[in-house]
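Presented below is the structure to which this report refers.
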Amino acid sequence: MKKDIHPDYHEITVVMTDGTTYTTRSTYGKEGDTVKLDVDPKTHPAWTGGQQRLVDTGGQVAKFNKRFKGLGIG
């Protein structure tokens, strides 16, 4: 490998949304930096199976449901 072309790989602390922390190695920031997550596997619906909520902006969801209500797929 060529010298001086790779980013510095060092330890950082990651703070999850519930306050738990862990140490990992990364090229983010500098040695000892802390990353606070806004979304993580403990809170994101993709991992928790949470219910999605549709925001009906301008009645688009209602328009879609009205148009395709008799389709009966399933």
Side-chain angles (χ1 to χ4, degrees):
M1 291 194 300
K2 293 182 179 180
K3 290 187 175 191
D4 301 324
I5 64 167
H6 300 285
D8 180 35
Y9 191 60
H10 49 267
E11 286 191 358
I12 63 167
T13 303
V14 178
V15 180
M16 305 288 267
T17 56
D18 66 354
T20 58
T21 63
Y22 67 93
T23 303
T24 188
R25 295 184 55 81
S26 174
T27 58
Y28 173 83
K30 56 187 180 293
E31 181 79 28
D33 276 356
T34 301
V35 177
K36 292 184 180 180
L37 300 178
D38 293 330
V39 176
D40 64 26
K42 293 180 182 179
T43 60
H44 194 279
W47 289 283
T48 61
Q51 297 295 323
Q52 270 189 321
R53 293 190 179 110
L54 293 174
V55 177
D56 194 0
T57 306
Q60 294 298 312
V61 174
K63 184 178 177 181
F64 177 87
N65 288 337
K66 181 180 176 186
R67 184 173 180 188
F68 295 106
K69 69 180 175 184
L71 196 55
I73 296 177

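These numbers come from a predicted model, not from an experiment.
- Rounded to the nearest 0.5 angstrom, I12 CD1 and Y22 OH are separated by 8.0 Å.
- Scored by the side-chain hydrogen bond (donor to acceptor under 3.5 Å, both in side chains) test, T20 finds D18, K42 as partners (sequence neighbours excluded).
- In this view, D38 satisfies the side-chain hydrogen bond (donor to acceptor under 3.5 Å, both in side chains) rule with no residue, not counting sequence neighbours.
- Note: R25 CZ to D8 CG = 8.5 Å, rounded to the nearest 0.5 Å.
- Considering only residues two or more places apart in sequence or on other chains, F64 meets the ring-ring contact (aromatic ring centres under 6.0 Å, His included) condition with F68.
- Scored by the salt bridge (charged side-chain N to carboxylate O under 4.0 Å, His left out) test, K30 finds D33 as partners (sequence neighbours excluded).
- With rounding to the nearest 0.5 angstrom, the CD atom of E31 is 6.0 Å from the CD atom of E11.
- Annotation: side-chain contact (heavy atoms from CB on, under 4.5 Å) contacts of R67 (sequence neighbours excluded): none.
- Nearest heavy-atom pair, M16 versus P41, reported as atom, atom and distance to 0.1 Å: CE-CD, 4.4 Å.
- With rounding to the nearest 0.5 Å, the separation of CG in L37 from OG1 in T21 is 11.0 Å.
- Applying the side-chain hydrogen bond (donor to acceptor under 3.5 Å, both in side chains) rule to T17 yields the partners D40; only residues at least two apart in sequence or on another chain are considered.
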